[in-house]
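In the text below, chain A, chain B and the rest are named by the order of the sequence lines, each starting its count at 1.
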Amino acid sequence: MKLLMKGNEAIAEAALRAGCECFFGYPITPQTELLQYMAKKLLKSGGVFIQAESEVGAINMAYGASSCGKRVMTSSSGPGISLKQEGISYLAGAELPCVIVNIMRGGPGLGNINAAQSDYLQATKGGGHGDYKVIVLAPSSVQEAVELTMKAFELADKYRNPVMILGDGMLGQMMEVVEFDDNYQPQKVEKPWAVTGDRNREKRVTNSLYIVPEELEKHNFKLREKYKKIKENEVMVEEYLADDARVIFVSFGMCARIVKSAVNRLRQAGEKVGLVRPITLWPFPENELKRYASKEEVEFFIDIEMNLGQMLEDVKLSVEGKKTVHFYGRTGGMVPTIQEIMDFYYSLKK
Amino acid sequence: MGFKRPECLTKESMHYCPGCGHGIIHRLIAEVIDEDYKESKIIGVAPVGCAVFIYDYFNFDFVAAAHGRATAAATGVKRSIPDALVFSYQGDGDIAAIGTSEVIHAATRGENFTAIFVNNGVYAMTGGQMAPTTIPGQVTVSSPYGRDPKVQGYHIKLCEMLVPLDGVAFVARTSIHNLKNIEFTKKAIKRAFEVQMNNEGFSIIEVLSNCPTNWGLSPSESMKRIENEVLKYYSLGIFKDKGRGI
Ligand code: SF4
């Protein structure tokens, strides 16, 4: 079915189609339509919808519902995600699946409500306390947001881990045509660990406490193995006109879409440029970037972001010093234009 | 029941200090469950604090929550499995300081679970600091000159705060300092669970308990302290029982 939908609403609809049974949220711009959509649909369909008293409340309700084996979602924007970080650490520690949407706005602090990519580091480097990882998916269109949201529920269950959809205000607020596969059936996953209260079996506990150092280390090693597996199996990346490119742009999310237009324009002008767009921000497509860095014809990389270079470290680590990585970014809710990106490219070619 | 070990308690020996009230309160919960809810689905929500290992002592399912968040987690649990008997077990630092927002809103929403709130007037697990429930004049390691309301403010009376809320169905404050009150505590737990299973709304029991270790008293002296000092500030009784018109 084809529909014209706002990004936030499309994500909500995708979640419902993916079998989301419980939603816990708190209003914050620019993601609020997602919460509103869930309020309208989930209550009617017999699901659980609670507008919590705070983001802290919401993520901990999600923790409780996920413990019971439900498919659970919560959503917010930067300042609210900061509050949710406590709960995200607990979810990761207790190995509980949960889909968390962050429709980013400008930061730090209250920042503003415009589109920005200011939470890359928070999303990909843990954000909360402890050695843990969240799978981070970064859509660059409303259609892709739909597909990645459905995928997010599968990944969360598969790995018993929180999964974050990292979009920005632009993605949340823009309207695009989206297509839903009406035949899609969410996979039912056995959850033999879920707390259900049944008394005729061994008791189950969801917990992140390991008071004995040896046991906590063992747990952390186990999590590390899981993260290794995710790294091996779940990297997603789009490589656009990058095969024969001499200059590789790297960009994610909505920003990458603008870069893509710039790449098209530069190609028309005869410049051999391409784009590598990480779709999973964690696990980061290190090997893919490394491969381009090793190519002789590649001269340098240009990282473009709507922040001051939060992904730049990951790009540089992947490139391993083999090539120079230049950076251009706008921040504070400013969006780079195609012309700006082209001008920056030409300034480097001089 | 006599002195048989309740069936829903595991054989694990408890880690609490000698004479601590947690052991008594655990037993009371276990007795009520054995008597009334033998076959029922049961899910406990564990706190952060001295009772952090509570899930080791009962042989039914538990969700272990973050500090203060047990009532939020319990909300998610009960909404997911509405036919289960769900209770959170929380100390005073947990429910009356960091978790005040969560408990007030769970109560306001009329969430159908029971909070068991153990008030011993200190942050026990971290070494006896002042809690929101610490009574005026009480010396703790972080109120070394005694709690002075002019400086540290007053003690919080959570039960009295919750009574006026429409979502709240049952509120009682009980104590375990003597046999009579231990029996009253058990009755209150029984009634709170009943109220929950009748889907009447939020229920909470505040149990005045002791912390011999951090109070620097022997177990029997600590029970006397509840009687002689704590009761001056916290009155006992059933403050609200919607179903019975109280
Ligand atoms: S510190 Fe106090 S509350 Fe904690 S177990 Fe010991 S006596 Fe009980």
Discussion item. Using heavy-atom distances under 4.5 Å, tell me whether B/F53 contacts chain A through its side chain, its backbone, both, or neither.
Written reply: side chain

Worksheet item: How about A/K125: does its NZ atom have over 12 heavy atoms from other parts shown lying under 6.0 Å from it?
Response: yes

Item to complete: Kindly check if the number of other-residue, nucleotide or ligand heavy atoms within 6.0 Å of NZ (B/K157) is above 12?
Response: no

Discussion item. Counting only heavy atoms not in A/I113 (residues, nucleotides, ligands), do more than 12 fall under 6.0 Å from its CD1?
Written reply: no

Fill in: Reported CD1-to-NE2 distance for the pair A/I211 and B/H15, which is rounded to 0.5 angstrom
9.0 Å

Worksheet, complete the sentence: Rounded to the nearest 0.5 Å, the CE atom of A/M61 sits from the CD atom of B/E102 at a distance of 8.0 Å

Item to complete: Below 4.5 Å from any heavy atom of chain A, which atoms of B/I81 appear? Answer side chain, backbone, both or neither.
Response: side chain

Worksheet item: Any idea which heavy atoms bring B/F62 and A/V195 closest together, and the distance?
Response: O-CG2, 3.5 Å

Discussion item. Please find the pair of heavy atoms, one from B/S101 and one from A/E53, that lie closest to each other, and give the distance.
Written reply: OG-CG, 3.4 Å

Fill in: Side chain, backbone, both or neither of B/T108 within contact of chain A (heavy atoms, under 4.5 Å)
neither

Fill in: Stepwise side chain to side chain contact (heavy atoms under 4.5 Å, CB included) check, A/I50 with B/E111
CA-CA 11 Å; A/I50 298 182; B/E111 298 294 341; 3.9 Å; yes

Response to the item:
When the 4.5 angstrom heavy-atom criterion is applied to B/K78 and chain A, the contacting part is neither

Worksheet item: Between A/S208, A/G197, A/G57, which has the largest tally of heavy atom pairs under 4.5 Å with chain B?
Response: A/G197

Practice prompt. Check B/V77 against A/G64 and note the closest heavy-atom contact, atom names and distance.
Written response: CG2-O, 3.5 Å

Worksheet entry | Per-residue contact mode, A/T196 against chain B (heavy atom under 4.5 angstrom) | both

Worksheet entry | Within 6.0 angstrom of B/K187 NZ, more than 12 heavy atoms from elsewhere | no

Worksheet item: How about B/N198: does its CG atom have over 12 heavy atoms from other parts shown lying under 6.0 Å from it?
Response: yes

Discussion item. Could you report the tightest heavy-atom contact between B/A73 and A/Y63, atom names first, then the distance?
Written reply: CB-CD2, 4.3 Å

Discussion item. If you count heavy atoms of other groups shown closer than 6.0 angstrom to CG of A/D131, is the number above 12?
Written reply: no

Discussion item. Checking side-chain contact (heavy atoms from CB on, under 4.5 Å) between B/S80 and each of A/S66, A/C22, A/S67, which is the one that passes?
Written reply: A/C22

Fill in: Enclosure of B/Y154 OH (heavy-atom neighbours >12, cutoff 6.0 Å)
no

Worksheet, complete the sentence: Taken to the nearest 0.5 Å, the spacing of A/D198 CG from B/I43 CD1 works out to 8.5 Å

Response to the item:
Assert top hit (heavy-atom pairs under 4.5 Å, partner chain B, pool A/N200, A/V48, A/V72, A/I59) equals A/V48

Response to the item:
So salt bridge (Lys or Arg N to Asp or Glu O under 4.0 Å) across residues 12-41 of chain A, not counting sequence neighbours, yields A/K6-A/E33, A/E13-A/R17, A/E13-A/K41, A/R17-A/D182, A/E21-A/K70

Discussion item. Rounded at 0.5 Å granularity, tell me how far CZ in B/R79 sits from SG in A/C68.
Written reply: 13.0 Å

Worksheet item: Considering the options A/R199, A/K203, A/R201, which one meets the side chain to side chain donor-acceptor pair (under 3.5 Å) requirement together with B/D61?
Response: A/R201

